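Everything quoted here is computed from the prediction, not taken from an experiment. Just follow the structure's listing: the first ligand is 1, and inside any ligand the first atom is 1. Basis for what follows: all heavy atoms, side chains included, without hydrogens, waters or symmetry-related copies.
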Amino acid sequence: MISLNINKSRIINLFSFLRFRLLLLIFMIVLPFFGVIIYTSMEEYKIAAAENKNKAVELVQIAADSQNQLIEGVQQFLAVLSHLPEVKGRDPSACNVLFSKLLQQYPSYANLGISQSNGNIICSGVPFHRKLNMSDRTYFRHAIETGRFSTGNFQIGRITGKPTINFGYPLFDQTGKAQKVLFAALDLSWLNQFASRAELPPGSILTVLDQTGTILVRYPNPGKWVGKSIPDIPMIKTILSQHKGIEETTDLDGNLHFLGFTSLVGNQETGNLSISIGIPKQSVFSGINHMFTLNLTILAVTMILGFLGAWIGSDFFVLKKINVLVKTSNQLAGNNLSARTGIVYGKGELDQLAYTIDKMADSLQANASAIQYQATHDFLTKLPNANLLHDRLDQAIKTAKRNNKSLALLMLDINHFKEINHTLGHHFGNLLLLLLGPRLQNVLRQSDTIAHLGGDKFAILLQDSDINGAKSVTRKILKVLEEQFILADHPVLVETCIGIALYPDHGETSDILLQRADVAMSKAKEEKSDYFVYIQDEDHNTPRRLVIMGALREAINRNQLILHYQPKINLKTGGLAGAEALVRWQHPELGPIAPDQFIPLAEKTGLIKPLTYHVLNTAVNQCQSWCQEGININVAVNLSTRNLLDQKLPDDLMEMLDKAHVLPSSLGIEITESVIMLNPERAMEILKRLSGMGIQLSIDDFGTGYSSLMYLNKLPVNEIKIDKSFVINMLTDKDSDMIVRSTIHLAHNLGLKVVAEGVENKETWDRLKTMGCDYVQGFYISKPLSAEQFIHWLDHSPWRINRQMNNTGPKAA
Ligand code: C2E
Ligand code: CA
Ligand code: CA
């Protein structure tokens, strides 16, 4: 069953091949011809068989007639002899002489003679010496008993010693009783010679049998068969039992024959001689067989030629094209989209198919290249994106390595880009980004790559460039960017800073080069210079940094992070207005680690959330325990970029406050502008919720970002903290002084309180007081202190306050 199924499926598989189908078609066309040939041959066989049966009947009849004539001839001969005196007379010697003379005349007879009624021979043509008796011979007995001409069986003559067939003719006395028998022995060898003269179809066999089944005559090959008594052979049996007929039977030699047979004249009582003629089927059908084989061969050859033609022809006319189509389709499926059939399109179906496949390949290729383009180019500027830059950088590094050359990677960032976006709108920002590429292109070589990495960040790959080349290109870039951009009629001046990293001096892989160019760019920004070439030490991604990153989580879990508190003083009353909580980390091995070192890391690794929660929790609990000691001050906590994207923060904070029984108004939150600008909508939403809870909100490090006060005013903030860089410099730097003053002025106009950070001396304190600043914070008042130190400071510092917070100012300055 299984093997049957396998065979079936194999055939079905085969059938799916076009070539096989073609061959099958040819076979099916040829098949009826085979049928016709077989059918006509069968008909021919039938006709030939019928014809030959008739022929056999006819031939046997003719042969029988001639044999009958022969026998009748014998009868007449004997009848004539019976009237001769030598025969009638009593002189045996006269009789002997006559017969011997006759024998000479008629060589067909082996002997002629007379027997007495008792069987004793009294006269013979062939002399005999002994006393011989014939009474046992059938022909003799029959002739005596019936008084009629009788035929004998095969016998070897007792006188002649020859194989003969004998005939007896009765001689009557006066009373009419058969007294003697005149006999004639017909020589079988003569008879066989006679038979050989019969004109028979080639291969035919003539046989004469006596009634005992002994062969008398046989043509051809009498020597082998004559005298043989074989009544049990089927053919002989048929002849002896049926007397007359036509049969298909095997002859003595074992070949199939159409056998016609009949009995010869003779006595019913003694039985007759029979004659048969066999026409070999072989010879009858050989013509038809020959024709049949010839036809079959021709047809088979035709079919094979047809198969061959189909095999080769299908290759030429059909399969060649189909194979091309299949190959092309496979190539396309294997993502080789440049594959085409190469077929010249005609009107045929296969040509149409080839056309369709080629068209399909065209559009696939077009789509693929569009996708490829999108994957490697910036959507807005159409410049190569970070992916493509990466690839090109990899490639360029390989080439440089091979040729022992160096290359430079420039990282460029537009200063105040956010300001342009916010003041003029995103459309203008985009326009600027669009114009930047072509302008940069003007000062670069064709082989250099400008990539847009997103936002306002661009990278420029300078192939085959050393430090001097990189610097010179950088200066050219800066020069060309000094010229103002016209953004829809608005002239805009653009400031950029560029970081430079070189292969192989600063890094040997694309990742490292990109990172180092970025570090260099940050440094340029930090130093407010146009460009900066990477220096190892400036990279903060040192092993120490990595160690810190690894240890930070543990530090949070193990409570290694503690809070210090820096007092905030009301400048007008001189009283304590609150404290800013600042995180401190005392690492067991690395020693104290400044927040500036680990906060940015925490922001990058996602540890900022647990860190902030830890700080918030500690601050809230501290607030609560101070409260119990009668110190009711506002404790402010710094929030990071990511914290302000965390929707859960307000609820979690509320829960913390509830748990510690601390009023939300006792908590302050400090956020920088950049935090808000990252996602203004989300930040706005969270800030609103925090403010709604009653939490005090401050904008930290004001002046370092690009946002305007007008914009910040839309936020639910209570105060701004002027960045310490302005405050520290305000006594020496007029610009800083001016910025501090105008900020205070503007903030007040908008209803915001102002905190000055970084107050390091009395002069600054005083100056701020004249400017109308609300609060101050800085080393002049106090460094950030641990909780215990803070209590101690409260009790001993010049700004000592009573625990009810009604102190009006410093006791001493
Ligand atoms: P910040 O929020 O501007 O904090 C004020 C920083 O100025 C503190 O540095 C403080 O020690 C320092 N400072 C105070 N008075 C003076 C002064 O008179 N002169 C000078 N030169 N410096 C003064 P610190 O503690 O090293 O913190 C640095 C920054 O780390 C903070 O700047 C804040 O942005 C961040 N930070 C600190 N603690 C946390 C925190 O718990 N969470 C978050 N997210 N950030 C924190
Ligand atoms: Ca702060
Ligand atoms: Ca600050």
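Tyr565 has its ring centre no less than 6.0 Å from the ring centre of Trp793.
Counting protein heavy atoms only, atom 13 (N) of ligand 1 is closest to Phe779 CE2, 3.6 Å. Nearest non-hydrogen protein atom to atom 36 (N) of ligand 1 is Pro595 CB, 4.1 Å. Of the protein's non-hydrogen atoms, Asn638 CB, 3.8 Å is the one closest to atom 46 (C) of ligand 1. The closest protein non-hydrogen atom to atom 29 (C) of ligand 1 is Asp596 OD1, 3.3 Å. The protein atom (non-hydrogen) at minimum distance from atom 10 (C) of ligand 1 is Leu582 CD1, 3.8 Å.
Contacts between Leu563 and ligand 1 below 4.0 angstrom, taking non-hydrogen atoms only, are absent altogether. Neither the backbone nor the side chain of Thr612 has a heavy atom within less than 4.0 Å of ligand 1. Only the side chain of Glu757 comes within contact range of ligand 1, with a heavy atom under 4.0 Å; no backbone atom does.
For the pair Glu603 and Arg642, the salt-bridge criterion is not met [side-chain N within less than 4.0 Å of a carboxylate O]. Residues Asp651 and Arg689 are paired through a salt bridge, judged by an N-O separation under 4.0 Å between the basic side chain and the carboxylate. Classification of Glu526 and Lys523 as a salt-bridged pair holds, one side-chain N sitting under 4.0 Å from a carboxylate O. In summary, Lys724 and Asp701 do not engage in a salt bridge, as defined by a charged side-chain N under 4.0 Å from a carboxylate O.
At a 4.0 Å cut-off, at least one heavy atom of Arg584 sits close enough to ligand 1 to count as contact. For the ligand labelled ligand 1, residue Val637 lies outside the 4.0 Å heavy-atom shell. Proximity of Ala594 to ligand 1 is not established, as no heavy-atom distance is less than 4.0 Å.
Leu768 contributes atom CG, which lies 11.5 Å from atom CD of Glu763 (distance to the nearest 0.5 angstrom). Between atom OG of residue Ser625 and atom CD1 of residue Ile791 there is a gap of 7.5 Å, rounded to the nearest 0.5 Å. Rounding to the nearest 0.5 Å places CG of Leu657 at 6.0 Å from CE of Met654.
Residue Gln566 approaches ligand 1 through these ligand atoms, each under 4.0 Å from one of its heavy atoms: 14 (C), 15 (N). Below 4.0 Å from some heavy atom of Val615 lie the following atoms of ligand 1, by number and element: 41 (O). Shown in contact with Pro784 at under 4.0 Å from a heavy atom are these atoms of ligand 1, numbered in order with element: 11 (O). Residue Asp701 approaches ligand 1 through these ligand atoms, each under 4.0 Å from one of its heavy atoms: 3 (O). Near Val759, meaning under 4.0 Å from any of its heavy atoms, are these atoms of ligand 1: 18 (O). Below 4.0 Å from some heavy atom of Ile728 lie the following atoms of ligand 1, by number and element: 21 (N).
Atom 26 (O) of ligand 1 is approached by the protein to below 4.0 angstrom, counting heavy atoms only. For atom 38 (N) of ligand 1, a protein non-hydrogen atom is found at a distance below 4.0 Å. Not a single protein heavy atom sits closer than 4.0 Å to atom 32 (O) of ligand 1.
In the displayed structure, Glu681 atom CD is contacted under 6.0 Å by at most 12 heavy atoms of other residues, nucleotides or ligands. Environment of CD in Glu495: sparse, with no more than 12 heavy atoms of neighbouring residues, nucleotides or ligands closer than 6.0 Å. At most 12 heavy atoms of other shown residues, nucleotides or ligands fall within 6.0 angstrom of atom NE2 in His745. The environment of Glu655 atom CD is sparse: at most 12 non-hydrogen atoms of other residues, nucleotides or ligands sit within 6.0 angstrom. The local environment of CD in Glu483 is sparse, with at most 12 non-hydrogen atoms from other residues, nucleotides or ligands closer than 6.0 Å. Applying the 6.0 Å contact sphere to CZ of Arg439 captures more than 12 heavy atoms from other residues, nucleotides or ligands.
Classified by interplanar angle (parallel below 30°, tilted 30° to 60°, perpendicular above 60°), the ring pair His452/Phe458 is parallel.
The shortest N or O to N or O distance between Asp700 and ligand 1 is under 3.5 Å. Backbone and side-chain nitrogen or oxygen atoms of Lys724 are examined, and one is located within less than 3.5 angstrom of a nitrogen or oxygen of ligand 1. Polar contact with ligand 1: present for Val583 (N/O pair, distance under 3.5 Å). Taking any N or O of Gly778, backbone or side chain, none lies under 3.5 Å from an N or O belonging to ligand 1.
Looking only at side-chain heavy atoms (C-beta outward), Tyr531 and Leu478 come within less than 4.5 Å of each other.
Around the Ca ion (ligand 2), the protein contributes the following N, O or S atoms at distances under 3.0 Å: Glu580 OE2, Asn638 OD1, Glu670 OE1, Asp700 OD2.
Cation-pi contact between Arg741 and Phe726: absent, since separation from the ring centre below 6.0 Å together with deviation from the ring axis within 45° is not met.
Under the side-chain hydrogen bond (donor to acceptor under 3.5 Å, both in side chains) rule, Ser698 has a single partner from Glu719, Glu580, Lys721, Lys753, which is Glu719.
Remark: among candidates Glu580, Lys783, Glu760, the nearest residue to atom 19 (N) of ligand 1 is Glu760, based on non-hydrogen atoms.
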